[in-house]
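What follows is a single structure, written as structure tokens, with notes after it.
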Amino acid sequence: MSEVTQILSALERGQACAAEELLPLVYDELRRLAAWHMANEQPGQTLQATALVHEAYLRLVGKEAPQWNGRRHFFAAAAEAMRRILVENARRKKRLKRGGDLERVDVAEVQIAAPLPDDDLLALDEALEKLAKTDARAVELVKLCFFVRLTQEQAAKELGISVSTAERTWAFARAWLFREIQANRAVPE
């Protein structure tokens, strides 16, 4: 009888301390199983393989008196737990309060590059004016990075802010401007 099977038998008998011994023995295999599940997921998945392993493991050993008929049954139960977690995560993302069917856009992929056609430049100018009411520093950063072509580090130095603050502000401004410009394009004139 393998060590994993012995520990599983101890868990069935109610020996809670066996759960601590089980994880180090099965972690690598569970991690490979989780990585396989995650490879089949859509891009942009926010759940990490490690979190998936931990959540599945807690579900497996957190039950009262788990009943496994050996190693194979344990890993089949682990695979099923991971599948259920991924399904729950997908359902949670589809809920309206989480954005429903809105398309996720990676901020790093949003391209705002000069020169722009006149209509786009006007739309950007209008959006910048609206953004100035919310966050004037973000507008200054956009002007420095977009129009003056400074790097975020150079713009941060000019504005007297940290590079990480400049990066966060840049990501916010790009997303905000993208959303605002897209919303204005959708409105017929």
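Note that the coordinates shown come from a computational prediction; the quantities given were computed from them, not determined experimentally.
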Should Glu55 and Arg59 be marked as a salt bridge (Lys or Arg N to Asp or Glu O under 4.0 Å) after you check the CA-CA gap, both sets of side-chain angles, and the distance that decides it?
CA-CA 6 Å; Glu55 180 65 27; Arg59 288 185 184 194; 3.1 Å; yes

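- Looking only at side-chain heavy atoms (C-beta outward), Leu144 and Gln152 stay at 4.5 Å or farther from each other.
- In this structure, CG in Leu52 is found 9.5 Å from CZ in Arg31, a value given to the nearest 0.5 Å.
- Here Lys133 does not pair with Glu180 in a salt bridge; the nearest charged N to carboxylate O distance is not below 4.0 Å.
- The minimum heavy-atom distance linking Ala127 with Leu177 is given by the pair CB-CD2, 3.6 Å.
- Between Trp176 atom CH2 and Thr134 atom OG1 the span is 5.5 Å, to the nearest 0.5 Å.
- Atoms CG and CD1, from Leu128 and Ile181 in turn, are 7.5 Å apart once rounded to the nearest 0.5 Å.
- Nearest heavy atom pair, residue Leu141 against residue Ala155, reads CD1-CB, 3.5 Å.
- Annotation: salt bridge (charged side-chain N to carboxylate O under 4.0 Å, His left out) contacts of Lys157 (sequence neighbours excluded): none.
- Residues meeting the side chain to side chain contact (heavy atoms under 4.5 Å, CB included) test with Thr151, sequence neighbours left out: Glu153, Gln154.
- Atom-to-atom distance recorded for Leu159:CG and Thr165:OG1 is 10.5 Å, nearest 0.5 angstrom.
- Counting heavy atoms from C-beta outward, Phe172 and Leu131 have side chains that approach closer than 4.5 Å.
- Interatomic distance, OG1 of Thr169 versus CZ of Arg137, reported as 5.0 Å (0.5 Å rounding).
- Taken to the nearest 0.5 Å, the CD atom of Glu158 stands 11.0 Å off from the SG atom of Cys145.
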